[in-house]
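Data first, discussion second: the structure below is written as structure tokens.
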Number of protein chains: 2
Amino acid sequence: MVRVGLTPERLTLAGAELADEVGFDQVTVSALARRFDVKVASLYSHLKNSQELKTRIALFALEELADRVADAVAGRAGKDALAAFADAYRDYAREHPGRYAAARLRLDPETAAASAGVRHAQMTRAILRGYDLTGPDQTHAVRMLGSVFHGYVSLELAGGFEHSAPDSQESWLWIVDSLDALLRNRATP
Amino acid sequence: MVRVGLTPERLTLAGAELADEVGFDQVTVSALARRFDVKVASLYSHLKNSQELKTRIALFALEELADRVADAVAGRAGKDALAAFADAYRDYAREHPGRYAAARLRLDPETAAASAGVRHAQMTRAILRGYDLTGPDQTHAVRMLGSVFHGYVSLELAGGFEHSAPDSQESWLWIVDSLDALLRNRATP
DNA sequence: GCTTTTGCCTAAAGCTTTTAGGCAAAACGG
DNA sequence: CCGTTTTGCCTAAAAGCTTTAGGCAAAAGC
């Protein structure tokens, strides 16, 4: 009986990889056990249940994505920062579709409050510092940016823009451009 | 042995209702059988498999949503049409979260091409007739509108805007307003 | 080196999907 | 109206996923 050295962390990472390969909702405790070549029940010493596995992958993905975004926007401002933010988001989703899907898992409020989701919100607000938006306008803008980026990436991943011209990349640039113009127009004089 | 009168149509509708109650991914052949108080295997005379059930619900939802949107935008133009389109979309998602999730199911290309998804694209383009966009700009705009509306609705359904001011409704109006302005700015002179 | 802890195991129950084959109710045809 | 065909729901059963309980041996601690 050789010990493989399972830990919640290793299981989470392997789960994230599995998610990217087969899709987040195909991530099961069974599939993970196969991947480590151990019996299914063995994983239950490290995970409370299947839900915990998914939550852990979600938190991991949120963190990883937040790190990437932070890296991308560091030292940038204005439209430059906006584009870097948008690209970081989109690139992550394309490189790691399963993890991206995981990051969208609905977390219970306490878990969400303790997650890197908070950093995401902060960084979005930071982007908007370049645009002089005041009061509720800032929140509206945060919500709009979140919606556009999430919406676009999720439609793109679903293959929505695959079989039609122009290229998705062009639309992406057009949209980022438009958002920049929109935010500048909304700026308080 | 009383016959209940199962048909693919009744199963689809019941599946849609079930989706709204418990979430689209909790819709199972088993749950549906329980709802009709018949044995699970009985449903397999009417459905090829679980996937077909889900696809049927998705197609049903797409159709229903397209009907609603068509109704909402009929006789309107410009910003008025844009707002009606947006609201129809959002209201459907809030009234029928499970069906809305179903409508986002990834369909294989042929199924998608034969679905009401085509009408959705046409109606989005129709909205843009009020904004004099030419060539690729129109496609970019279609993609952006789809992204914003889908993104917002999906974040809202996930509870993303629940515990913070200002009210979600205000942001929604702000966003529709902003999109209208954006599209007017993009119009070719 | 001996004890305690830990990690992976077997066993088993419950749920979902799916296929195969059976029997009785409904529909059809004379 | 009765006999035949079709249809609809049934039982049975296999295979996969989740989860719990209890066991044994490897690793860690003294």
Side-chain angles (χ1 to χ4, degrees), chain A residues 1-61 97-99 101-102 105-108 111, chain B residues 1-60 98-99 101-102 105-108 111:
Chain A
M1 197 192 306
V2 186
R3 297 201 180 184
V4 186
L6 303 175
T7 62
E9 288 71 29
R10 285 190 66 200
L11 291 173
T12 303
L13 181 57
E17 288 165 2
L18 186 58
D20 286 335
E21 290 164 23
V22 302
F24 182 55
D25 34 49
Q26 303 303 317
V27 173
T28 65
V29 179
S30 292
L32 207 52
R34 273 193 296 276
R35 179 168 271 241
F36 281 99
D37 205 35
V38 299
K39 297 294 166 183
V40 187
S42 306
L43 301 199
Y44 282 85
S45 315
H46 306 280
L47 300 168
K48 212 171 103 269
N49 52 34
S50 169
Q51 186 52 48
E52 180 178 309
L53 171 62
K54 286 176 180 160
T55 303
R56 276 179 182 278
I57 297 173
L59 293 174
F60 171 78
R99 300 180 197 196
L105 183 69
R106 185 167 190 165
L107 302 171
D108 55 290
T111 311
Chain B
M1 200 192 302
V2 186
R3 298 200 180 185
V4 187
L6 304 176
T7 63
E9 289 69 32
R10 285 190 67 199
L11 290 173
T12 304
L13 181 56
E17 288 165 3
L18 186 57
D20 286 335
E21 289 165 24
V22 303
F24 183 55
D25 35 47
Q26 303 303 316
V27 173
T28 66
V29 180
S30 292
L32 208 51
R34 273 194 296 276
R35 179 169 271 240
F36 281 98
D37 205 34
V38 298
K39 297 295 165 181
V40 186
S42 306
L43 300 200
Y44 281 84
S45 316
H46 307 278
L47 300 168
K48 215 172 100 264
N49 52 34
S50 170
Q51 185 53 49
E52 180 177 311
L53 171 62
K54 284 176 183 159
T55 302
R56 276 180 182 277
I57 298 172
L59 293 174
F60 171 79
R99 301 181 196 196
L105 183 68
R106 184 168 191 166
L107 303 171
D108 55 291
T111 311

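Letters A, B, ... are given to chains in the order of the sequence lines, protein chains preceding strands, and every chain is numbered from 1.
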Counterpart residues, side chain to side chain donor-acceptor pair (under 3.5 Å), relative to A:Glu9 (two or more places apart)
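Partners of A:Glu9 under the side chain to side chain donor-acceptor pair (under 3.5 Å) test: none.
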
Restricting to side chain to side chain donor-acceptor pair (under 3.5 Å), what partner residues turn up for B:Gln26, sequence neighbours left out?
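Testing B:Gln26 for side chain to side chain donor-acceptor pair (under 3.5 Å), a comparison that skips the adjacent residues, returns none.
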
Partners of A:Arg10 by salt bridge (charged side-chain N to carboxylate O under 4.0 Å, His left out), sequence neighbours excluded?
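Checked A:Arg10 against salt bridge (charged side-chain N to carboxylate O under 4.0 Å, His left out); zero matches.
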
[X] [atom1] - [N] [atom2] separation (whole Å):
| X | N | atom1 | atom2 | result |
| --- | --- | --- | --- | --- |
| A:Asn49 | D:dT18 | CG | C1' | 9 Å |
| A:Arg3 | D:dC24 | CZ | P | 15 Å |
| A:Tyr44 | D:dT20 | OH | C1' | 10 Å |
| B:Leu47 | D:dG8 | CG | C1' | 14 Å |

Side-chain donor-acceptor pairs under 3.5 Å in residues 39-47 of chain A, sequence neighbours left out?
unit_1	atom_1	unit_2	atom_2	d
A:Ser42	OG	A:Lys39	O	3.2
A:Ser45	OG	A:Ser42	O	3.4

Proximity to DNA chain C (any heavy atom under 4.0 Å), residues of residues 11-18 of chain A only
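Nucleic-acid contacts, sorted: none.
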
Check DNA chain C against residues 23-43 of chain A and give the residues with a non-hydrogen atom under 4.0 Å, in numerical order.
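Only A:Val38, A:Lys39, A:Ala41, A:Ser42 qualify.
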
Sequence-distant partners of A:Thr55, side-chain contact (heavy atoms from CB on, under 4.5 Å), two or more places apart:
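For A:Thr55 the side-chain contact (heavy atoms from CB on, under 4.5 Å) partners, ignoring immediate neighbours, are A:Gln51, A:Leu59, A:Leu105, A:Leu107, A:Thr111.
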
Run the side-chain contact (heavy atoms from CB on, under 4.5 Å) test against B:Arg34 and tell me which residues pass, sequence neighbours left out.
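Result, side-chain contact (heavy atoms from CB on, under 4.5 Å) vs B:Arg34: B:Ser30, B:Ala31.
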
Quick one: which residue pairs count as a salt bridge (Lys or Arg N to Asp or Glu O under 4.0 Å) with a foot in residues 46-55 of chain B, not counting sequence neighbours?
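For residues 46-55 of chain B, and leaving out neighbouring residues, the salt bridge (Lys or Arg N to Asp or Glu O under 4.0 Å) pairs sorted by first residue read B:Glu52-B:Arg56.
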
What is the distance from atom CG of B:Leu18 to atom CG of B:Leu53, rounded to the nearest 0.5 Å?
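Interatomic distance, B:Leu18 CG to B:Leu53 CG, rounded to 0.5 Å: 8.5 Å.
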
Return no unless some side-chain N or O of A:His46 is found under 4.0 Å from OP1 or OP2 of C:dT6.
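No, A:His46 has no side-chain N/O under 4.0 Å of OP1/OP2 on C:dT6.
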
Could you check whether B:Ser50 gets within reach of a base, just the sugar-phosphate, or nothing at all, counting any heavy atom under 4.0 Å?
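Sugar-phosphate: the residue B:Ser50, judged by heavy atoms under 4.0 Å, touches backbone atoms but no base.
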
